[in-house]
Amino acid sequence: YPEDDVDLEALVNDMNASLESLSSACSMQSDTVPLLQNGQHARSQPRTPSTRPLQPQASPRQKVQRSQPVHILAVRRLQEEDQQFRTSSLPAIPNPFPELCGPGSSPVLAPSSLPPTQAAAKQDVKVFSEDGTSKVVEILTDMTARDLCQLLVYKSHCVDDNSWTLVEHHPHLGLERCLEDHELVVQVESTMASESKFLFRKNYAKYEFFKNPMNFFPEQMVTWCQQSNGSQTQLLQNFLNSSSCPEIQGFLHVKELGKKSWKKLYVCLRRSGLYCSTKGTSKEPRHLQLLADLEDSNVFSLIAGRKQYSAPTDHGLCIKPNKVRNEAKELRLLCAEDEQSRVCWITAFRLLKYGMLLYQNYRIPQQRKALLAPFSTPVRSVSENSLVAMDFSGQTGRVIENPAEAQSAALEEGHAWRKRSTRMNILSSQSPLHPSTLSTVIHRTQHWFHGRISREESHRIIKQQGLVDGLCLSRPARTNSRLFHLTLCHHQKIKNFQILPCEDDGQMFFSLDDGNTKFSDLIQLVDFYQLNKGVLPCKLKHHCIRVAL
């Protein structure tokens with residue numbers, strides 16, 4: 001019908017105009033051309049968008065809603081946009097509180113919203129051994145002295161028995177001290193001078209006062225400020241308890257600041273500091289004068305007090321403020337009458353300053369050992385390892401469990417050694433493994449043998465590694481090459497014993513008791529006295545060891 005005729009071309013133009021308005025709002029440009037109902041292109045619609053004629057906008061009722069194709073972005077562009085919100089090291093973490101997010105925020109925490117992780121700072125530390133060798137170790141700034149010792153033990157392939165320690169050594173001041181296990185190595189190094197250095201050394205007496213407190217604190221040197229009925233059984237509890245106030249008192253030689261003279265004064269050590277009495281042995285507050293503070297100071301041992309500071313005895317100690325590096329005038333130098341008194345003063349200073357930290361350091365190795373006990377076999381001592389019978393006649397060695405078989409294997413081994421040495425003697429050349437030669441050189445490979453050193457040097461090594469019962473070393477005599485000495489510590493005193501050579505049936509032996517107990521070499525002698533006290537005051541429990549880094 002004529003009245004129902006519709007201008008088809010005008011309708012198509014209106015639809016095109018509405019589609020262009022939608023595409024411009026979405027910032028999308030379409031290269032497609034609208035089609036007519038019969039699938040043909042509109043004749044009046046050009047192909048180039050720039051030449052497309054402007055059409056009047058149709059009314060909202062005349063606009064036709066139609067789906068539009070969506071362009072897919074390139075993969076590289078998607079990766080660039082995703083890299084802005086995601087890092088390779090931090091994955092996206094679900095937000096634990098999505099209800100707090102706004103309508104536009106994501107329930108996933110972006111890595112940019114997390115705090116940045118900072119890499120731990122590192123620093124190189126140079127550590128020396130007793131023989132002069134050194135090793136540069138890269139450590140973290142928060143590494144403690146115990147951690148560094150365990151690292152050096154691992155790198156040096158030595159046994160970790162929790163007796164290794166790091167020593168702060170000041171050769172220009174003649175001072176040294178063992179670092180506590182909890183102290184930070186980098187922090188201590190910042191207070192040291194350029195001439196100072198760290199030493200890696202054994203110290204068996206580091207926590208010996210927890211085992212035998214009576215040997216470290218003589219009864220006449222310990223008093224109590226608040227409680228007069230303090231017993232020796234509660235000695236350590238009072239030191240570790242901050243509410244109690246134990247005191248160490250006694251006479252010490254004190255060097256005056258800025259002078260070379262020494263005075264013998266009555267001194268008492270409290271938690272607040274070290275005081276001296278200006279009137280005899282009076283401890284009234286008006287007669288006490290502060291000598292040193294415990295807060296920002298550390299106690300050191302004098303290496304050569306007589307030679308460097310004209311000390312009256314060889315048992316000197318020093319309280320050094322942390323701010324002092326090279327100035328010897330600000331050092332508070334003290335001297336005790338004997339070694340036991342000096343050890344008592346140094347131990348009391350450590351307990352009063354650190355308290356429970358020392359006990360925690362002492363308990364940590366024991367707790368670790370208890371945790372690892374179900375998963376590891378017990379470690380046997382050196383003497384037990386040396387007494388294990390083995391048979392090496394086959395391709396591989398095996399442990400001999402039958403005592404009769406062990407005895408026969410030992411006899412066969414002895415016959416083999418004798419035949420080998422006789423055959424070499426027939427060839428007019430003595431074997432380097434000849435029994436007479438072997439017994440005189442085999443001990444040189446042991447840690448407890450320290451070569452041709454003096455008696456004073458052996459005593460100094462014993463003192464450095466701790467005056468504990470059973471600490472020993474062996475050395476040859478300087479006058480007789482066939483004679484050896486055994487240096488042993490017992491009750492904080494150092495004693496020397498002669499190892500005499502004796503001959504029986506043309507064979508050389510060694511003995512400590514005039515030939516009653518004979519040994520073919522020093523290794524057998526040391527192994528025997530590790531298990532039996534014999535003529536010695538105590539068993540040989542610890543060896544003075546020096547490890548090359």
Side-chain angles (χ1 to χ4, degrees), residues 163 165 167-169 174-181 199 201-223 232 235-236 238-240 246-254 264 267-270 274 291-292 294 297-306 311-320 332-355 358-359 361-362 456 458-473 487-495 537-538 541-542 544:
S163 60
T165 185
V167 179
E168 180 183 354
H169 183 71
L175 306 175
E176 66 179 19
R177 77 174 181 99
C178 295
L179 269 67
E180 304 297 344
D181 288 339
L199 300 177
R201 179 190 298 168
K202 281 274 189 179
N203 184 14
Y204 294 100
K206 184 164 54 174
Y207 300 116
E208 190 68 18
F209 54 87
F210 285 116
K211 304 175 184 177
N212 302 310
M214 305 306 170
N215 297 337
F216 285 82
F217 299 102
E219 187 175 357
Q220 67 275 9
M221 294 183 62
V222 182
T223 57
Q232 290 290 333
L235 180 64
L236 292 177
N238 286 283
F239 271 110
L240 300 177
E247 277 189 5
I248 301 295
Q249 60 185 9
F251 285 95
L252 286 176
H253 298 274
V254 182
K264 191 174 183 179
V267 181
C268 64
L269 180 62
R270 299 177 178 176
L274 182 68
L291 289 178
L294 277 68
S297 304
N298 283 299
V299 61
F300 288 78
S301 299
L302 289 181
I303 302 174
R306 286 183 181 270
T313 66
D314 293 326
H315 315 290
L317 61 147
C318 170
I319 298 180
K320 172 184 171 294
R332 180 57 70 181
L333 301 177
L334 311 167
C335 262
E337 293 292 341
D338 52 15
E339 186 64 25
Q340 185 180 14
S341 300
R342 179 173 76 163
V343 173
C344 177
W345 286 103
I346 294 177
T347 306
F349 188 97
R350 296 171 57 199
L351 281 171
L352 291 176
K353 181 176 181 179
Y354 296 109
L358 292 185
Y359 186 73
N361 296 338
Y362 166 68
E456 293 75 16
S458 64
H459 289 196
R460 186 185 66 85
I461 296 174
I462 293 285
K463 291 180 181 179
Q464 284 180 349
Q465 300 198 11
L467 294 176
V468 296
D469 291 349
L471 182 60
C472 66
L473 63 86
T487 306
L488 176 65
C489 177
H490 179 63
H491 288 173
Q492 297 186 352
K493 294 182 180 180
I494 302 176
K495 301 179 181 180
C538 63
K541 301 178 181 178
H542 309 288
C544 287

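Here the CD-CZ distance, from Glu168 to Arg177, works out to 4.5 Å after rounding to the nearest 0.5 Å. Between atom SG of residue Cys538 and atom NE2 of residue His491 there is a gap of 8.0 Å, rounded to the nearest 0.5 Å. Note that the CG atom of Leu294 and the CG atom of Leu352 stand 6.5 Å from one another [nearest 0.5 Å]. Taking NE2 of His253 as the start and CG of Leu317 as the end, the distance is 11.5 Å to the nearest 0.5 Å.
With hydrogens and angles ignored, the 3.5 Å screen pairs no side-chain donor or acceptor of Ser163 with any backbone N or O of Lys202. A donor-acceptor pair under 3.5 Å is absent between the side-chain atoms of Arg342 and the main chain of Cys335, judged by distance alone. A distance-only check finds no donor-acceptor pair linking the side chain of Arg332 to the backbone of Lys320 [under 3.5 Å].
The pair Glu180-Lys353 does not count as a salt bridge, with every side-chain nitrogen at least 4.0 angstrom from each carboxylate oxygen.
By the 4.5 Å heavy-atom criterion applied to side chains, Phe210 and Leu358 are counted as neighbours.
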- Item | side chain to side chain contact (heavy atoms under 4.5 Å, CB included) between Thr347 and Phe217, worked out | CA-CA 9 Å; Thr347 306; Phe217 299 102; 3.6 Å; yes
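The aromatic rings of Phe209 and Phe216 lie perpendicular to each other, with more than 60° between the two planes, well past the 30° mark.
In terms of heavy atoms, Cys178 sits closest to Asn203 at SG-ND2, 3.4 Å. Closest non-hydrogen pair, Leu252 versus Ala336, comes out as CD2-CA, 3.7 Å.
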